[in-house]
2 protein chains.
Amino acid sequence: MKARRLTPHRSAVLETIRASRTHPTAAEIYSQVRRRRPGVAYATIYNALDWLTRNGMVSELRLGDEASRYDPTTARHDHLVCTRCGALVDYELPLPHRILLQAGRRHGFRVQYYRLELFGCCSQCAPDSAAPSR
Amino acid sequence: MKARRLTPHRSAVLETIRASRTHPTAAEIYSQVRRRRPGVAYATIYNALDWLTRNGMVSELRLGDEASRYDPTTARHDHLVCTRCGALVDYELPLPHRILLQAGRRHGFRVQYYRLELFGCCSQCAPDSAAPSR
DNA sequence: GTTACTGCAAAGTCTTTGCATGCGG
DNA sequence: CCGCATGCAAAGACTTTGCAGTAAC
């Protein structure tokens with residue numbers, strides 16, 4: 001096989017996603033990668049994202065009708081989403097996953113995985129009782 | 001105010017969604033409504049869907065990169081999604097929602113609502129434990 | 001007579017695809 | 001050499017928008 005596998009472009013995309021703490025979109029990744037590789041094409045970014053996703057190096061996040069965002073953490077986890085600023089933070093809900101996975105059986109479903117997203121306001125956007133303003 | 005509110009078109013869209021057990025997409029709704037109102041425009045369907053959603057009469061579901069589907073049940077509930085045939089069934093997970101809503105506080109989030117989707121195989125696609133290969 | 005809804009088509013957003021080029025092995 | 005990745009642009013899927021006509025109030 002002559003696959004080049006983790007090519008410089010793909011590597012650049014991967015590094016960009018890992019370096020970002022915000023779960024960047026393809027557009028953000030594109031502009032980032034463009035700095036180091038000015039000639040890179042948009043399609044190459046999508047190509048790389050597809051490849052990285054298929055190879056378990058990043059995971060794709062789809063929330064609402066926005067553009068996909070990419071997450072360097074591929075282990076199963078949940079997300080907190082700020083409905084004001086759009087902040088997206090990784091989160092692990094301390095709930096017995098088995099309950100979730102067994103849950104669907106009542107309806108004849110054999111559940112393989114699940115997705116849980118919590119929406120609300122982050123501390124930046126909704127300074128509660130003791131939080132600083134903005 | 002001279003709003004006509006629930007117009008015949010909107011009503012037709014609403015009825016179509018309620019009559020369907022499959023959480024139809026805009027395209028499906030469009031073709032259904034078209035039977036009774038041949039001249040209806042696609043934009044009118046989206047218009048109606050938007051209005052119905054904003055007025056709490058249906059809710060929009062976004063899953064993966066597919067077209068939005070519309071749910072006549074507006075009360076909070078979860079969904080089971082068959083990853084083979086795409087079947088989508090309403091579901092209520094018997095878990096204390098307060099736990100979920102309180103969960104984000106650790107990260108400074110004030111969680112307002114959450115979304116939970118369980119993915120797997122429905123009974124049609126994966127008949128019980130001793131499932132045939134298919 | 002206003003105002004809101006509709007129909008039509010065009011534009012918009014995000015993503016994918018087709019094809020020619022060219023490096024890497 | 002040959003396959004695979006890349007660049008480019010065009011196409012594609014779904015949804016939104018602009019505008020003029022029409023119906024409701």
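Each chain gets a letter, A, B and so on, in the order its sequence line appears, and its residues count up from 1.
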**Q.** Distance in angstrom units between Tyr70(B) OH and dC14(D) P, rounded
**A.** 12 Å
**Q.** Polar contact flag, side-chain donor to acceptor under 3.5 angstrom, Glu60(B)-Ser68(B)
**A.** yes
**Q.** Distance test, side-chain N/O of Ser68(A) to OP1/OP2 of dT15(C), below 4.0 Å
**A.** yes
Q | Atom of Trp51(A), atom of Leu6(A) and distance for their closest heavy-atom approach | A | CH2-N, 4.0 Å
Q. Can you tell me if the side-chain N/O atoms of Thr25(A) get under 4.0 Å from OP1 or OP2 in dC14(C)?
A. no
Q. Among the nucleotides dT6(D), dG7(D), dA9(C), which one has an atom lying closest to any side-chain atom of Thr7(A)?
A. dT6(D)
Q: Could you state whether Tyr70(A) and Leu63(A) fall into the same hydrophobic cluster, counting links through intermediate Ile, Leu, Val, Met, Phe, Trp or Tyr residues with side-chain heavy atoms under 4.5 angstrom apart?
A: no
Q: Would you mind reading off the distance between Leu6(A) atom CG and dG25(C) atom P, rounded to a whole angstrom?
A: 13 Å
Q. Hey, which of these two, Asp65(B) or Arg34(B), hits DNA chain C nearer its 5' end, going by closest nucleotide?
A. Arg34(B)
Q: Mind listing the closest non-hydrogen atom pair of Pro72(A) and Arg18(A) along with its distance?
A: CB-CG, 3.9 Å
**Q.** Touch class at under 4.0 angstrom, heavy-atom based, for Ala67(A) against every strand present
**A.** sugar-phosphate
Q) In whole angstrom, what separates Ile45(B)'s CD1 from dT15(D)'s C1'? A) 13 Å
Q. For the side chain of Val40(B), counting heavy atoms from C-beta on, which of dT15(D), dT15(C), dG7(C) is nearest?
A. dG7(C)
Q: Scan Asn47(B) against the nucleic acid and name what it touches under 4.0 Å (heavy atoms): base, sugar-phosphate only, or nothing.
A: base
(Q) Below the 4.0 Å mark, does dA5(D) have OP1 or OP2 next to a side-chain nitrogen or oxygen of His9(A)? (A) no
Q. Considering only dC5(C), dT15(C), dC8(D), which nucleotide approaches the side chain of Arg62(A) most closely?
A. dT15(C)
Q | Side-chain (Thr53(A)) to main-chain (Leu49(A)) donor-acceptor, under 3.5 angstrom | A | yes
Q | Value in whole Å for how far the P atom of dC14(C) lies from CD1 of Ile29(A) | A | 14 Å
Q) Just how far, in rounded Å, is P of dT15(C) from CD of Glu66(B)? A) 15 Å
Q.
Among dT15(C), dT6(C), dC8(D), which nucleotide has an atom closest to any side-chain atom of Thr44(B)?
A. dT6(C)
Q.
Please determine whether side-chain contact (heavy atoms from CB on, under 4.5 Å) holds for the pair Leu118(B) and Tyr113(A), giving the CA-CA distance in whole Å, both sets of side-chain angles, and the decisive distance to 0.1 Å.
A. CA-CA 6 Å; Leu118(B) 309 188; Tyr113(A) 62 100; over 6 Å; no
**Q.** Aromatic Tyr91(B) / basic Arg106(A) pairing, under 6.0 angstrom, 45° off normal
**A.** no
Q: Could you check how far CZ of Arg37(B) sits from P of dT6(C), rounded to whole Å?
A: 9 Å
Q) Does anything in residues 49-61 of chain B reach DNA chain C, meaning a heavy atom under 4.0 Å, and if so which residues? A) none
Q. dC14(D) C1' sits how many Å from Tyr42(B) OH, rounded?
A. 8 Å
Scan the side chains in residues 19-31 of chain A for donor-acceptor partners under 3.5 Å anywhere in the protein, sequence neighbours excluded, and list what turns up.
unit_1: Ser20(A); atom_1: OG; unit_2: Thr22(A); atom_2: N; d: 3.1
unit_1: Ser20(A); atom_1: OG; unit_2: Thr22(A); atom_2: OG1; d: 2.9
unit_1: His23(A); atom_1: ND1; unit_2: Leu88(A); atom_2: O; d: 3.3
unit_1: His23(A); atom_1: NE2; unit_2: Asp71(A); atom_2: OD2; d: 3.3
unit_1: His23(A); atom_1: NE2; unit_2: Asp90(A); atom_2: OD1; d: 2.8
unit_1: Thr25(A); atom_1: OG1; unit_2: Ala27(A); atom_2: N; d: 3.4
unit_1: Thr25(A); atom_1: OG1; unit_2: Glu28(A); atom_2: N; d: 3.2
unit_1: Glu28(A); atom_1: OE1; unit_2: Thr25(A); atom_2: N; d: 2.9
unit_1: Tyr30(A); atom_1: OH; unit_2: Arg34(A); atom_2: NE; d: 2.6
unit_1: Tyr30(A); atom_1: OH; unit_2: Arg34(A); atom_2: NH2; d: 2.8
unit_1: Ser31(A); atom_1: OG; unit_2: Glu28(A); atom_2: O; d: 3.1

(Q) Tell me whether the side-chain N/O atoms of Tyr46(A) come closer than 4.0 Å to OP1 or OP2 in dT15(C). (A) yes
Q. Roughly how many Å is it from CZ in Arg10(B) to P in dA24(D), rounded to a whole number?
A. 14 Å
